[in-house]
Amino acid sequence: MKAIILDMYGVIVKQTGDEFVPYVQQTFPELDSEEIIEPWNKANMGEVSSLEIWTAAGFQGDLEKIERNYLDTIELNDGFLDFMKAIRKEYKLAIISNDSSRWSKYLREKFNINQYFDAISISGDLKTRKPDERIFRLTMEKLAVNAAECLYVDDRRGYLGAASKLGMNTILFNSRNVPYKGDAVNNFEELMNRVL
């Protein structure tokens, strides 16, 4: 194995993304989840700015501050930094994340984690998202590795299935406590024991 590719939400950060709809509904309880998710998905594909998510929901005023307030609820997962420092000399490292360009950039800069990665593939930048195989292929090209040389780590089973079809090794980061028949870890300490 030459490369480890990590998902962002539910792996690098504690929040899985499932917190966003209830966060918006605290202010706009009348909105159903579809009304909130639709502009969010468009921002994740680079079709609209992330600020338009807030406008579509009905927020007014300083949208950048409103967005920052939400993003500042997001925390790095326990053990992530220790994991990265321990493995960075052993493997090429990458992120594949379904996220808006702005949100991803803000979080990566806030936590100062760009330094650890050889490739960063964000759906809002590339206009393709998991489970589309193109985002996986683009990442492998950037890393100059083939699928069999990669370990892909995600908290969503469907995205692991997409990576597996390409020939990647996969591990579920089980931050959602879901049943899974394949390889799974519960934290970065367990993941480190698998790869070192």
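The residues of the chain are indexed from 1 along the displayed sequence.
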Starting from [Y], can I reach [X] by hopping between I/L/V/M/F/W/Y residues whose side chains sit under 4.5 Å apart?
X      : Y      : result
Met1   : Leu6   : yes
Ile171 : Val13  : yes
Leu81  : Leu93  : yes
Leu138 : Ile4   : no
Leu71  : Ile120 : yes

Donor-acceptor pairs are to be reported for all side-chain atoms of residues 163-170 against protein atoms at under 3.5 Å, with residues two or more places apart or in another chain.
unit_1 : atom_1 : unit_2 : atom_2 : d
Asn169 : ND2    : Ala148 : O      : 3.1
Asn169 : ND2    : Cys150 : O      : 3.0

(request) State plainly whether the residues Arg134 and Asp132 are in salt-bridge range, i.e. N to O under 4.0 Å. (result)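 A salt bridge links Arg134 with Asp132.
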
(message) Under 3.5 Å, is there a donor on one side chain and an acceptor on the other for Ser97 and Ser104?
(response)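 No, no side-chain donor-acceptor contact under 3.5 Å.
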
(message) Checking Ser50 against Glu67: is there a side-chain donor and acceptor pair closer than 3.5 Å?
(response)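 The answer is yes; a qualifying pair exists.
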
Can you give each donor-acceptor pair under 3.5 Å made by side-chain atoms of residues 110-117, sequence neighbours left out, with the distance rounded to 0.1 Å?
unit_1 : atom_1 : unit_2 : atom_2 : d
Lys110 : NZ     : Asp72  : OD1    : 3.3
Asn114 : OD1    : Arg108 : NH1    : 2.8
Gln115 : NE2    : Asn112 : O      : 2.8

Please give me the minimum heavy-atom distance between [X] and [Y], naming the atom from each residue.
X      : Y      : value
Arg157 : Leu172 : CG-CD1, 4.1 Å
Thr16  : Arg156 : O-NH2, 3.5 Å
Val185 : Glu190 : CA-OE1, 3.4 Å
Asn77  : Val11  : ND2-O, 2.7 Å
Thr139 : Ala94  : CG2-CB, 3.7 Å
Gly10  : Ser175 : O-OG, 2.8 Å

(message) Clusters formed by hydrophobic residues whose side-chain heavy atoms approach within less than 4.5 Å: which one holds Met45, and what are its other members?
(response)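 Members other than Met45 - counting any ILVMFWY side chain reachable under 4.5 Å - there are none.
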
Do [X] and [Y] come within less than 4.5 Å of each other through their side chains, counting heavy atoms only?
X     : Y      : value
Ile12 : Leu76  : yes
Tyr9  : Trp103 : yes
Ile74 : Met8   : no
Asn69 : Tyr23  : yes

Can you list everything that forms a side-chain contact (heavy atoms from CB on, under 4.5 Å) with [X]? Sequence neighbours excluded, please.
X      : value
Lys127 : none
Ile66  : Trp54, Phe59, Leu63
Ser49  : Leu51, Glu52, Arg102

(request) Just jot down the salt bridge (Lys or Arg N to Asp or Glu O under 4.0 Å) partners of Arg137, sequence neighbours excluded, or say none. (result)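 Here the qualifying residues are Glu133.
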
(message) According to salt bridge (Lys or Arg N to Asp or Glu O under 4.0 Å), who are the partners of Asp118, at least two apart in sequence or on a separate chain?
(response)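 In terms of salt bridge (Lys or Arg N to Asp or Glu O under 4.0 Å), with neighbours along the sequence ignored, Asp118 is linked to no residue.
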
Please report the interatomic distance [atom1]([X]) to [atom2]([Y]), rounded to the nearest 0.5 Å.
X      : Y      : atom1 : atom2 : result
Ile36  : Gln25  : CD1   : CD    : 4.5 Å
Leu107 : Ile122 : CG    : CD1   : 9.5 Å
Asn98  : Ile135 : CG    : CD1   : 6.0 Å
Ser123 : Asp99  : OG    : CG    : 6.5 Å

(message) Show me the pairs that pass salt bridge (Lys or Arg N to Asp or Glu O under 4.0 Å) and involve residues 143-153, at least two apart or across chains.
(response)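 Residue pairs with at least one partner in residues 143-153: Lys2-Glu149.
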
(message) Suppose the criterion is salt bridge (Lys or Arg N to Asp or Glu O under 4.0 Å): which pairs have a residue in residues 168-177, not counting sequence neighbours?
(response)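 Applying salt bridge (Lys or Arg N to Asp or Glu O under 4.0 Å) to every pair that reaches into residues 168-177, excluding sequence neighbours, yields Asp18-Arg176, Asp155-Arg176.
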
(request) Just do the side-chain contact (heavy atoms from CB on, under 4.5 Å) check on Glu90 and Val195 with the steps written out, would you? (result) CA-CA 9 Å; Glu90 305 294 324; Val195 299; over 6 Å; no

(message) Any side-chain to backbone donor/acceptor pair from Lys92 onto Leu143? Under 3.5 Å, distance only.
(response)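 At least one qualifying donor-acceptor pair exists.
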
(message) Give me each pair satisfying ring-ring contact (aromatic ring centres under 6.0 Å, His included) with a member in residues 148-179, each pair once, sequence neighbours excluded.
(response)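 Of all non-adjacent pairs touching residues 148-179, those that pass ring-ring contact (aromatic ring centres under 6.0 Å, His included) are Phe136-Tyr152, Phe173-Phe188.
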
(message) Are more than 12 heavy atoms, taken from residues, nucleotides or ligands other than Glu189, located less than 6.0 Å from that residue's CD atom?
(response)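 Atom CD in Glu189 is not crowded, with 12 or fewer foreign heavy atoms closer than 6.0 Å.
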
(message) Does atom NZ (Lys14) have a neighbourhood of more than 12 heavy atoms from anything else shown, all under 6.0 Å?
(response)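 Yes - once you tally the heavy atoms of other residues, nucleotides and ligands closer than 6.0 Å, there are more than 12.
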
(request) Can you tell me which residue pairs pass the side-chain hydrogen bond (donor to acceptor under 3.5 Å, both in side chains) test with a partner in residues 27-45, sequence neighbours excluded? (result)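 Sorted result for residues 27-45: Asn41-Arg129.
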
